[in-house]
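Note sheet for the following structure.
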Amino acid sequence: MMSEDELRDEILSLKAEIKRLRKSLTELTPPLSALLRRRGFSIFKKEPLDDLLLPGKRYIDDYCRFLNKYSFRLFLRDVIKRQEGFMIEDVTRYSTREVTGDYIQFLLKIRLIEKVGRGGPYRLKKRPVKSFGPTLEWFLAEIFKREFEAEAIWGIKFKRTAAGGDYDLIAKIDSSLLYMEVKSSPPKQIYANEISAYFDRVLDLRPEIAVFFMDTELRMKDKIVPMFEDELRKRGSPLSGEPPPVKRIEKELFQTGDKIFIINAKASIVNNIEKVLSRYFRRS
């Protein structure tokens, strides 16, 4: 019988082997651009840099580790809102003063903010930055690349699409296409027309996996799930006319139909994405 340490080592070894196999499979299957061309999609623009809040390359790994923390992402949103000048008490809504102080010191170290004078406020070095949205899209693309050995692009505009609008993130998982809508706003700032536009893009692109992600730890059942149910009722089913139900997978992870998933950031973004992928591929 294996000891606990031996079992842990075996699990880590298996995870490493899965990553290696997935990387090999990615190299053997058609690239993401080919999968898009087969659907008649031609990229017009992608990955805009204007509002991207990133440090130099030497700090990217550390930055990603910090971005994994929900409190740090909330802190960054407040920094962007007060980018012309803020004191520590202005950005301490979601963490203790001690933790916020650590976050400020980290941003100083990676040169994303600077201090104005001796006792003056801090401010973003790169200004203006309109929103946290592009940085969040970039970070999620990094998660797919780093954690799942997937080819991923973000902030995509296509030429002459039926649905229109930006596609926040598209990834190639093995030979399957994944589309993710990325929302950095809280549920109260999401409206029915955004859910409708999401469905339009899913129907236009026809990905194997479609994810609606919200960077929140708030309940999805209160507003987001009912809006999905309303939109599904409007659209109905092409076969029976009855809309597919929105089912809870676990906690704040939901699914409707075979390929549409609704998730948030509760507990861990990486774990939630992993559960979606596992659910999809195990069912297949």
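This is a predicted model, so every value here is computed, not measured.
- Annotation: side-chain contact (heavy atoms from CB on, under 4.5 Å) contacts of Lys125 (sequence neighbours excluded): Arg111, Glu114.
- At least one donor-acceptor pair closer than 3.5 Å links the side chain of Lys126 to the backbone N or O of Asp50.
- Taking both residues in full, the closest heavy atoms of Lys157 and Asp166 are given as NZ-OD1, 2.6 Å, listed atom of the first, atom of the second, then distance.
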Item to check | Step-by-step ring-ring contact (aromatic ring centres under 6.0 Å, His included) determination, Tyr280 to Phe261 | outcome: CA-CA 10 Å; Tyr280 176 80; Phe261 298 86; 7.1 Å; no
Checklist entry - Could you go step by step and tell me if Asp200 and Arg235 meet the salt bridge (Lys or Arg N to Asp or Glu O under 4.0 Å) rule? => result CA-CA 11 Å; Asp200 288 343; Arg235 292 173 183 261; 2.8 Å; yes
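- Atom-to-atom distance recorded for Leu178:CG and Ile173:CD1 is 5.5 Å, nearest 0.5 angstrom.
- Among residues at least two apart or in separate chains, ring pair (Phe, Tyr, Trp, His ring centres under 6.0 Å) pairs with a member in residues 165-186 are Phe158-Tyr167, Tyr167-Tyr179, Tyr179-Tyr198.
- Between Val211 and Ile273, the closest side-chain pair of non-hydrogen atoms is not below 4.5 Å.
- In terms of modelled atom types and a separation under 3.5 Å, the side chain of Glu147 and the main chain of Glu149 share no donor-acceptor contact.
- Closest heavy-atom contact between Gln189 and Lys223: N-NZ, 4.3 Å.
- A donor-acceptor pair under 3.5 Å is absent between the side-chain atoms of Arg123 and the main chain of Val116, judged by distance alone.
- Legend: residues meeting side-chain contact (heavy atoms from CB on, under 4.5 Å) with Arg97, ordered by chain and number and at least two apart, are Ile88, Glu89, Thr92.
- Under a 3.5 Å cut-off, the side chain of Arg282 and the backbone N or O of Arg279 do not form any donor-acceptor pair.
- Side-chain atoms of Leu177 and Leu36, non-hydrogen and from C-beta on, do get closer than 4.5 Å to each other.
- Remark: Asp61 engages Arg146 in a side chain to side chain donor-acceptor pair (under 3.5 Å) (not counting sequence neighbours).
- Side chain of Glu252 to main chain of Arg219: no donor-acceptor pair is present (N/O by atom type, distance under 3.5 Å, no hydrogens or angles).
- A donor-acceptor pair under 3.5 Å is formed between the side chain of Asn272 and the backbone N or O of Asn264.
- Under the rule for a salt bridge (Lys or Arg N to Asp or Glu O under 4.0 Å), the partners of Asp62 that lie at least two apart in sequence or sit in another chain are Arg65.
- Within the 3.5 Å criterion, the main-chain N or O of Tyr59 finds no donor-acceptor partner in the side chain of Lys109.
- Annotation: side chain of Pro245 is not in contact with side chain of Phe254 (no heavy-atom distance under 4.5 Å).
- Across Ile80 and Val129, no two heavy atoms sit closer than the pair CG2-O, 3.5 Å.
- The neighbour count for Lys247 NZ, taken as heavy atoms of other residues, nucleotides or ligands under 6.0 Å away, does not exceed 12.
- Without hydrogens or angle criteria, Arg201 side chain to Ala163 main chain gives no donor-acceptor distance under 3.5 Å.
- Residues Asp168 and Leu140 fail the side-chain proximity criterion, which asks for heavy atoms closer than 4.5 Å.
- In terms of heavy atoms, Ser71 sits closest to Ser95 at CB-OG, 3.4 Å.
- Centroid-to-centroid, the aromatic rings of Phe212 and Phe228 come within less than 6.0 Å.
- Listed for the Asp51 side chain is no donor-acceptor partner under 3.5 Å among the backbone atoms of Pro134.
- Counting only distance, with no hydrogens or angles, the side chain of Lys115 and the backbone of Arg118 share a donor-acceptor pair below 3.5 Å.
- Residues meeting the side chain to side chain donor-acceptor pair (under 3.5 Å) test with Arg127, sequence neighbours left out: Glu84.
- Taking the side chain as every heavy atom from C-beta outward, Phe66 and Ile110 never approach each other to under 4.5 Å.
- Between Asp174 and Glu208 the shortest side-chain heavy-atom distance does not fall below 4.5 Å.
- Counting non-hydrogen atoms of neighbouring residues, nucleotides and ligands closer than 6.0 angstrom, the NZ atom of Lys145 exceeds 12 such neighbours.
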